[in-house]
Amino acid sequence: MTSLPNREPGAPRLGLVIDLDTCVGCHACAVACKQWNDGGHMAPLTDTDAYGAGPDGVWFNRIHSFEAGSEQGGCGSRTTNFPRSCLHCEQPACVTVCPTGASYKRAEDGIVLVNEDLCIGCKLCSWACPYGAREFDQDVGVMKKCTLCIDRIHNETLAESERVPACVMVCPTSARHFGDLADPSSAVSKLVAERGGYDLMPELGYEPTNKYLPPRPRPTLALDERVTRDSANDDLPLHGLLKWADRILAR
Amino acid sequence: MHPAFSIIFFTSAAGAGYGLLALLGLLAPLGLLPASPLFGLAALALALGLVVAGLLSSLAHLGRPERAWRALSQWRSSWLSREGVAAVATFLPAGVFAIAWIVLATGDEGSGSGVAGVAGWITAAMAAVTVYCTAMIYASLKPIRQWANPWVPRTYLALSLMTGALLLNALLGAAGQAAGWSSLLALASVALAWSVKEGHWRHCATTRPVSTAETATGLGHIGRVRLLDAPHSEDNYLLKEMGFRVGRRHAARLRFITRLAAFALPAALSLGALVAGPGALSGTLALLAAAAAALGVIAERWLFFAEAKHTVTLFYGAGET
Amino acid sequence: MAKIDDVGGQRARGFAFTQGFQRRSGPAAPEDARGWLDRYQSPREDIDPSPTVSDTVKYTTCYMCACRCGIKVHIKDGQLRFIEGNKDHPVNHGVICAKGSAGIMTQNSPAKLRKPLLRTGERGTGEFREIEWDEALTILTERLGKIRDSDPSKLAFFTGRDQSQSLTGFWAAQFGTPNFAAHGGFCSVNMAAAGMYTLGGSFWEFGEPDWDHTRYLLLFGVAEDHDSNPIKIGLSKMKARGAKIVSVNPIKTGYSAIADEWVGIRPGSDGLFVFALIHELLRADRIDAEYLVRYTNAPWLVIQDPGAPDDGLFARDADGAPLAWDAVEQRAVPATQAGIRPALVGAVTLPDGRRAVPSFHLLAERYLDPQHAPEAVAERCGVPADTIRRIAAEMAHLAFQETLTIEQPWTDWAGRRHERMVGRPIAMHAMRGISAHSNGFHTCRAIHILQILLGTIDVPGGWRYKSPYPRPAPPGPKPAGKRGETGPGKAIHGMPLGYPMGPEDLLVGEDGQPLRIDKAFSWDAPLSVHGLMHMVVANAWEGDPYRVDTLFMYMANMAWNSSMNTSETMRMLSDKDPDTGEHRIPFIVYCDAYASEMVAYADLVLADTTYLERWDCISLLDRPIGSAHGPGDSIRQPVLTPDRDVRPFQDVLIELGARLGLPAFVREDGSPRYPGGYPDYMTNHERKPGIGPLAGWRGADGKDAGKGAPNPDQLDRYVRNGCFWHFELPPEQHYFKHANQAYLETATRMGFLDKPEPVILQLYVEPLQKFRLAARGHGAVVPPADKRQRVETYFDPLPFWYPPLEEEGLDEGAFPLHAVTQRPMPMYHSWGSQNAWLRQILARNSLYIARSTAEQLGLADGDWAWVTSPTGRIRVPVQLMDGVEAGTVWTWNAIGKRSGAWNLSTDAPEGTKGFLLNHLISELLPERNGYRHSNADPVTGQAAWYDLRVRVEKAPPKERAETMPRFPAQAMPPGVEPPPAILRTGAVFRPTSRRTRA
Ligand SMILES: Nc1nc2c(c(=O)[nH]1)N[C@H]1C(S)=C(S)[C@@H](COP(=O)(O)OP(=O)(O)OC[C@H]3O[C@@H](n4cnc5c(=O)[nH]c(N)nc54)[C@H](O)[C@@H]3O)O[C@H]1N2
Ligand SMILES: Nc1nc2c(c(=O)[nH]1)N[C@H]1C(S)=C(S)[C@@H](COP(=O)(O)OP(=O)(O)OC[C@H]3O[C@@H](n4cnc5c(=O)[nH]c(N)nc54)[C@H](O)[C@@H]3O)O[C@H]1N2
Ligand code: SF4
Ligand code: SF4
Ligand code: SF4
Ligand code: SF4
Ligand code: SF4
Ligand SMILES: [Mo]
């Protein structure tokens, strides 16, 4: 139902933490998401004009790439790959605008879902989501979205270690983390605290659950003094060779 | 935002219908309207016809129109739901008003005028509420700053009043009963709506967007953020629905059309009608004013959508919205 | 009461009005007056959180690219439901990439071939009729039988992205043609050859950084690589440890984007950068001299006797053992002996009175020269001198102040025990950014030398061999197919590809003319150890060095993205001799699984299975999946049964071998030796006694590893183990494999090495000098006069830098920009575009230009431009970016498609907005002294894709927004149906189908 639930104290707040420092933009998470969910809770993620001029389809996770800081020139700019999926907001207007009750936020874990059987396809929730996390399935006429892989994370037929979203499971660089962001002692919360995880568009007040970890500052390494010392009046090449002449080394 | 015709038609037609309905409800009990059942029937048919056509058109926008009834359920949080409830609810007093006014009040020495008065005023209030709800559907959407501001309900209400007043004036003219006050009302409502719409445009032009590509990505601390590559090389739902971009020249042209057709012409024509006094001329002028406004409001509504920039476009290369 | 009428038939996902509401998702709504209202308003979704994923799970090996990850395939009701990574697999440890995840859609591709095809229309049109397999095999047997009985080399058998080269190469040898190679020649032979001749291993698949320990990675020209998932896993491990990643690459995307430092180098100039690093390290004496003495040929004495036939060769004793100068005893001693104290510099006098110097002396002298100083190269390679010096200083600091020690005793080749393993935590990796240049062999060697000088080969934190490597540098086998070894009806003994040790190993005629159609192992490219696949079509068309009768190809889209000069190649493939009216390449046989561009040019098409429908073998005899932790190999097993009349190519090849009576494919009585097809071959074929395609579970009881008798249960054991075999080496064998006694013994026992002798790293590559001496007229096999200068120049036993060959005589003003391509991570060459999901990610490509450069050219985002090279012209859309070296433009590789191919609609963006850079690249260099050499590295024949120079001009605005050139659409073969518009693939897995509107 469209009004937001009263969250029980101590209820988990499940979500993702995405590390922009390590994401190489490989799209593995996007395709794994497509694959899992195409046959999952919101099946199918319909594709239209699949082999034609305007291929399009329902995806719950899409990977952008940005260049930031180009005013510092090609070297100073930072290329950042940027996965974008539902952030499972605490104040999700996508839910409250929904006229039918199809959109709802679960009290028990904070996941925002669409009940397809109620959805009238008015698209208003997609207008209300600042992050573009809602996907209209034209073929079925209803709205679909990231389920946080609800049919994986609580799936008792899967091994414990596999109860993570598909996108997290496949990420080859481990740039995606899944966990309880309400629990300050969870691995994801610690990561957020350590790395300065942040919200997207905090100014809009949606209070996203998912957090992004910023690109790390570049490291400064110690330098070897023999290399850095002034080379202008350096040894002549021959002298250069002589330095190995007296070295006794055993094979 | 993609300017979907079904929605443009819905908001402008239903707006005009509710405007007219509200005026009928307000003015009939005051005895300001012709007491002919034919007029009542025609006026109410027009008002309710516009409302119904608008609402039907809005269904066309739905992916699953057969489930539209479900939209009435979430009035506690959703403006769209409230709008649906209000729209449906308005039919109740409107029905009572219609019967009271056309059948009872105009029939037997106004025996129903008391009922018509109460029902009419409730209808007027409900119509206003409905239009307000419609506006709030948009005004409650924070990702679109051109919408999420108080000028939007003002505009919707004022334009609804204006189109209602112009229609009423035209109806009176067609009935050969054009009255000075109705032309004056039309003129005043045009003036109000124009100034409100200018206020909306000024608001959009002068306020700074709060969300930028930098806040959307959180990468602003590095510097200016530019899209390098979108996730998919062809357009997707988000871009088709929310990535609509209108050319600057095209927008300027449409604004001009809006100003001319929605405001300048109706104002001039209404003034003409006022000056001309009762008669065929003023009736024609009032009709033309309403027709011009219809065109103008459609242009205004088209721009309302087309110029609205959704924050999702920040992820697709828009620097600001 | 509201009736929910549109959810009838829902079972598992139906609504539970009351229970569902309270049990699962309800707000803490009290049963107050509002409760009933809530329930009325908001039916709750009753989610089944535990649906069963599948009813059948099968493990196999991915082939959405050549990385060979292990996958776990879920099947439900006979349909593919989900493909995930195999968590136990040594390659991918459970992760899977975008391509791998999209396997379902490749399996569902509407471009799958359905039956063998015989051409009916003109070549290139794509008009065919379907034929039966028996007819196809009869046609082939007759044609090939005739060839074999007259001149087997009239068959050119080239197998592009082949992962069964040990079978295909063997088959070619059995047939008797030397004309065999796979894709290596246009891919990465520079890396393979430079590595094998220097280290006995290589970046390209035979080595990997010590991802768990390294603290500094220099990544040269890598966008994706064959080790797709392993590199990503490795980079994330480095990130997690806070190690530094430096990417040397003109383009800052992907790995370069997450690198801690991006060195935006000018294409083709890496050698200069690396020599400057070497210069700095030598100057500061920050090199690991002990490592050099122990593990390399640095102290080996090089004869200095200009004009002599052995000038520049190693001084050797009577037994042929190389000599070093013992600095204590002041005499020449056998260099490979333990305990000697060899000098690294200084001229000495050999017993025969001649002068010699340690090879390190030559090396140091060369790179200490001021021409290699950072200041001297900064301008040309586009890297500031300060940056070069800082990188050298960072590496020197880590290598020499922060050595990495693993408390693990080990014993070296001479039996000396070492208490711990000490390493220098600097690793390097390089691929096609180095490889795909005509100076790539020497540049790659330069990188290896940098690694060796720092002492980071197979040490903790360094670059490590993937077992079964190292092999001797270079490994033993030489290319087979010399004159006398070939002839009518004769099989060749040995494999067509190998490692020449000197001119005598070349495949050339008396006059020095090439014996192979691709001119591999000729004076044009003596160390072309992977062949020159990119030259086959052009040479066969030209009849240079001779004409062939049949061109037989497998898994190579030569009519499109794997050819240089694609438009010309398409013409040559269909060209006819005006005199005879016959095709200049008389007969083309091609095996593909999908309706690719190449299919249209074949006379006979063999329709292959998909990777989920067949047995395959990723063998130690070919490109295995070993890692630094131990050797491994893997198989594919059929997970699905084909719904078409297709046959696995390997089965077809084995049957063809039997029909032709090739000795290894028939028994004495002439009956087929492997009637069970490829699985039979995989199990029972022995290349040498005890050595077969698969190394795991050998021996009758399955207890042997590496070597052992065939085991009839072998495939079953593989299947039970997730379709791979991995032998985990004990920790004492994890490093110093080239000199680690225990490892060398293991490797010998398993058949990787002939003898447990150390592999000595070759700073100075003597075989190169042998070619050079031949160019000076020494020896029995010498280059023709017109090739001598070329051989003399490029066969330098120490690496050097020269400008890419294409730049020789180029008007730089007319072609000021470098143009290169990158692999897109979610696409594999040409074949990803038939995948409905992957093509949504990338259905068109643009030319990326540095913002500053574009501004000078008057180009804005989305403009169209003409790109002109010395040989061609294309029209492309343009995209601006910051992270690219200003003199470089680039695009994603192989996104552009010929219209009609892959069963895409003819207006698909791949055809109208996508493009290939290949139209601009020539397979031949401009004429010089009446001859056009291959546009390739002069040492290895590696195709020089990235030497391309272009100019970019804005297209007139009135021109169509469409890429050029375009070709008439190719027809889809019979049986290949028009594709569906809407895909509701996963809908079948919903509990009810009521959800989908008709
Ligand atoms: N401009 C430019 N050109 C390049 C490169 C570059 O970097 N830039 N890179 C070069 C390099 S390194 C390479 S390796 C080549 C690669 O180029 P190609 O070797 O041509 O590789 P692909 O396009 O991957 O596919 C070859 C064919 O294999 C077919 N195939 C796929 N799966 C199967 C199967 O299971 N069975 C059969 N029988 N066939 C199958 C595909 O349908 C396709 O037709 O491209 C080269 N071309
Ligand atoms: N996803 C995916 N993976 C693949 C493939 C695929 O098609 N798709 N193809 C497979 C094949 S066949 C191969 S050969 C491998 C190749 O894998 P890579 O070696 O990663 O090949 P490329 O994508 O060509 O990347 C070469 C990189 O070198 C850079 N470069 C170009 N010129 C220079 C130069 O002069 N100096 C330096 N330092 N850098 C330069 C380019 O910018 C680019 O980033 O990938 C394999 N893996
Ligand atoms: S899988 Fe990981 S690295 Fe790849 S795009 Fe997704 S988050 Fe980035
Ligand atoms: S990201 Fe969008 S769809 Fe997801 S919860 Fe927030 S507002 Fe709703
Ligand atoms: S589209 Fe569906 S889920 Fe979204 S607001 Fe409308 S009814 Fe609710
Ligand atoms: S959590 Fe699941 S549904 Fe959401 S983006 Fe990841 S894979 Fe897709
Ligand atoms: S890298 Fe991807 S496509 Fe290649 S084998 Fe591994 S999972 Fe398959
Ligand atoms: Mo390759």
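Below, read A as the first sequence line, B as the second, and so on, with proteins coming before strands; counting in each chain starts at 1.
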Most chain A-contacting option - heavy-atom pairs closer than 4.5 Å, from B:H310, B:H61, B:M242: B:H310
Nearest non-hydrogen partners of B:S73 and A:P99, listed with the distance: OG-O, 3.5 Å
Part of B:H232 within contact of chain A (heavy atom distance under 4.5 Å): side chain
A:Q91: partners by side-chain hydrogen bond (donor to acceptor under 3.5 Å, both in side chains), with sequence neighbours left out: none
Euclidean distance, A:M201 CE relative to B:F315 CZ, rounded to 0.5 Å: 4.0 Å
B:L80 and A:V97, any side-chain heavy atoms less than 4.5 Å apart: no
Cation over ring face, B:R226 and A:F66, 6.0 Å, 45°: no
Part of residues 122-136 of chain A lying next to chain B, heavy-atom separation under 4.5 Å: A:C122, A:K123, A:L124, A:S126, A:W127, A:A128, A:C129, A:P130, A:Y131, A:G132, A:R134, A:E135, A:F136
Side-chain touch B:T311/A:L204, heavy atoms, less than 4.5 angstrom: yes
Beyond-backbone contact of B:R67 with A:V142, side-chain heavy atoms, under 4.5 angstrom: yes
Atom CZ of A:R216: over 12 foreign heavy atoms under 6.0 Å: yes
Region of B:E214 in contact with chain A, defined by heavy-atom distances below 4.5 Å: neither
Student check: side-chain heavy atoms of A:D56 and B:D235 closer than 4.5 Å: no
Non-hydrogen atoms of A:R84 and B:V312 that approach each other most closely: NH1-CG2, 4.5 Å
Considering all heavy atoms, the nearest B:I222-A:P215 contact: CD1-CG, 4.1 Å
Contact class of A:T48 relative to chain B, heavy atoms under 4.5 angstrom: neither
B:R245 CZ: over 12 foreign heavy atoms closer than 6.0 Å: no
Pick from A:G57, A:P55, A:G205 with the largest number of heavy-atom pairs that fall under 4.5 Å of chain B: A:P55
Chain A contacts, top residue of B:G223, B:S81, B:S77, B:G220 (heavy-atom pairs, under 4.5 Å): B:S77
Residues B:Q74 and A:T100: side-chain donor-acceptor under 3.5 angstrom: no
Evaluation steps, side chain to side chain contact (heavy atoms under 4.5 Å, CB included), between A:M143 and B:Y237: CA-CA 11 Å; A:M143 198 54 76; B:Y237 163 68; 3.8 Å; yes
Donor-acceptor pairs under 3.5 Å, side chain of residues 166-177 of chain A to any protein atom, not counting sequence neighbours: which ones?
unit_1: A:T173; atom_1: OG1; unit_2: A:T22; atom_2: O; d: 3.3
unit_1: A:H177; atom_1: NE2; unit_2: A:S174; atom_2: O; d: 3.2

Among the listed options B:L141, B:T217, B:V210, the residue most often paired with chain A at heavy-atom distances under 4.5 Å: B:T217
Residues that B:H221 engages under side-chain contact (heavy atoms from CB on, under 4.5 Å), provided they are two or more places apart: A:P214
Side chain to side chain, B:S78 and A:T96, heavy atoms closer than 4.5 Å: no
Evaluation steps, side chain to side chain contact (heavy atoms under 4.5 Å, CB included), between A:L20 and B:L219: CA-CA 10 Å; A:L20 299 182; B:L219 298 171; 4.1 Å; yes
Between A:G54, A:C119, A:A93, A:P202, the one whose heavy-atom pairs under 4.5 Å with chain B are most numerous: A:C119
Side chain / backbone / both / neither for B:L59 at chain A, heavy atoms under 4.5 Å: neither
Segment of B:L238 engaging chain A (4.5 angstrom heavy-atom cut-off): side chain
Interchain contact, A:A53 with chain B, by part (heavy-atom threshold 4.5 Å): backbone
Minimum heavy-atom distance between B:A216 and A:L200, given as atom pair plus value: O-CD2, 3.3 Å
Heavy-atom closest pair, residues A:D117 and B:R70: O-NE, 3.8 Å
Under 3.5 Å donor-acceptor, A:H64 side chain and B:P231 backbone: no
Heavy-atom side-chain proximity of B:V225 to A:E67 below 4.5 angstrom: no
Side-chain touch A:D49/B:E234, heavy atoms, less than 4.5 angstrom: no
Within 6.0 angstrom of B:K309 NZ, more than 12 heavy atoms from elsewhere: no
